[in-house]
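One structure is given here, and the rest of the page talks about it.
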Number of protein chains: 2
Amino acid sequence: MKLQLQIKMNEALFIRNPEQSELGRNIIQHSIQLIYKQGFEAFTFKKLAEDIGTTEAGIYRYFENKHKLLVYLTAWYWGWLEFQISYHTNNITDPVVKLRRVIKLLATAVEDDELTGYINETLLHQIVISEGSKAYLTKQVGEDNKQQFFKPYKDLCRVIGSIITECNSKYKYPKSLASTIIEMAHFQNFFMYNLPSLTDFGKAKKETEIISFLNDLVFSSLKKS
Amino acid sequence: MKLQLQIKMNEALFIRNPEQSELGRNIIQHSIQLIYKQGFEAFTFKKLAEDIGTTEAGIYRYFENKHKLLVYLTAWYWGWLEFQISYHTNNITDPVVKLRRVIKLLATAVEDDELTGYINETLLHQIVISEGSKAYLTKQVGEDNKQQFFKPYKDLCRVIGSIITECNSKYKYPKSLASTIIEMAHFQNFFMYNLPSLTDFGKAKKETEIISFLNDLVFSSLKKS
DNA sequence: TTTTAATGATAGTAATACTATTATAAATAA
DNA sequence: TTATTTATAATAGTATTACTATCATTAAAA
């Protein structure tokens, strides 16, 4: 039996649903490769079209602009990650063990998920690290938020926040701590490879060190005094 | 006596030093206003030139492109902030008190500094919150780093890191904790106003809450066990 | 006073970020 | 089966962006 994992996406993110056609899936697959290689600023629909072997106008039938495509990709990633988390923390009753597992999942380079055919999670994870913040660090963040574009990110944050509350019901900042863990899992990774003096992992360049740092940070805060 | 504060800037960031001419200072002053108003993506040298009453080519004589200008502005801000910190923590011997003061300075909206004529620190602080990460979240981060563009940020991080070590010499992640404080002082602020469900400060929208969160985070981690 | 340096005015180019039109092929419905 | 809808390909075109180049003018320095 071959399973397939589908993430339900916000319809307002696209013009035509890219999951439902060969061209659409090609757009997703190749945009991940191209953004990964060239960075979001240098990425254009023209280059993407050439890569795929279609025309610029063809891409525009699926996505209004490259910002929407980036938001789509990151939203997909957050949705996928929430599933990973619920899958890998299933059956775990101890919230502390659960939270450790979550931190590990957030900070570890992901291997390609076989259940999602045309999406390379390893590359997408790198894109979320380097470009993810650009999805919301814009002037339109308010409008985008009204259209629920960031719901997957907020859902993930809520899930992690409630595990935090399970660990310590007195802790006052579960959601801020959750968003801190998420952001820092990525930023410390980016810093480690690109601006190592902003971290303490410069020499080793090991994700396990980021995990240790985050565990220390989180569980010191949650320790009942 | 009228004092004037000068931040020494990296020469590779500009073509002509903007501090040394009326036009140059206008470029800095108006770019801060324009980026604040329109956001970095919508900001162009053409609009800036119109704003100032000069020509596009005039701007290009000072800055190679808008990326370099953004890096210049953020670098200036980090340099200025490091001075603020050294000024406001001067004479404080207790590193814990010092660190609390640093967190407050990082997370508080700044009032306009009279010592720096043409720069509006309040607006610049907002720009650093919303656009600051875009200065390094690029494909050229490696080259930019080689040219020392991020030195002011790294210096600030080192300074805060050493205060952290003063607080607890056994703590293993002083630099990562420092970059976490800096980034989260800004991100939690951005989230509070734009994506409030990612924080626990949605209702109050008070910076004092961010300060409390950061203090709790930091001093839990530094508590000697 | 001559030279240099900074600015203003103007033009021009390649690339980007789109929109529009028409033809064709493939899938679906009558 | 034909007729109709739908997706795509091919092509063209526009406004804006991100620059570079040239030349005249003005102000400052030698």
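Each chain gets a letter, A, B and so on, in the order the sequences are listed, and its residues count up from 1. As the structure is a prediction and not an experimental result, all values here were calculated from the model.
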### Message
Using a strict threshold of under 4.0 Å (side-chain N to carboxylate O), is an ion pair present between A/Glu22 and A/Arg25?
### Response
yes
What is the separation between atom [atom1] on [X] and atom [atom2] on [N], rounded to the nearest whole Å?
X       : N      : atom1 : atom2 : answer
B/Glu64 : D/dT20 : CD    : C1'   : 12 Å
B/Ile27 : C/dA6  : CD1   : P     : 13 Å
B/Ile15 : D/dA18 : CD1   : C1'   : 13 Å
A/Asn26 : D/dT8  : CG    : C1'   : 13 Å
A/Arg16 : D/dT6  : CZ    : C1'   : 8 Å
B/Asn65 : D/dT20 : CG    : P     : 9 Å
B/Arg25 : C/dT7  : CZ    : P     : 10 Å
A/Tyr60 : D/dA9  : OH    : P     : 17 Å

Taking the side chain as C-beta and beyond, is there a heavy-atom pair between [X] and [Y] under 4.5 Å?
X        : Y        : answer
A/Tyr62  : A/Ser21  : yes
B/Met9   : B/Ile7   : yes
B/Ile164 : B/Ile181 : yes

### Message
Using the rule given for ring pair (Phe, Tyr, Trp, His ring centres under 6.0 Å), can you reason through B/Tyr136 versus A/Phe191, listing the C-alpha separation, both sets of side-chain angles and the distance that settles it, and then say yes or no?
### Response
CA-CA 10 Å; B/Tyr136 55 78; A/Phe191 291 159; 5.5 Å; yes
### Task
Output yes when at least one side-chain N/O atom of A/Arg61 is less than 4.0 Å from OP1 or OP2 of D/dA7, else no.
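So the side-chain polar atoms of A/Arg61 never come under 4.0 Å of the phosphate oxygens OP1 or OP2 of D/dA7.
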### Message
C/dT7, OP1 or OP2 - any side-chain N/O from B/Tyr62 closer than 4.0 Å?
### Response
yes
### Message
Ring centres under 6.0 Å, that's the criterion: do A/Phe187 and B/Phe187 meet it?
### Response
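Close enough - the centres of the two rings lie under 6.0 Å apart.
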### Query
Of the residues in residues 41-59 of chain A, which ones touch DNA chain C at a heavy-atom distance under 4.0 Å?
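Output list: A/Thr44, A/Glu56, A/Ala57.
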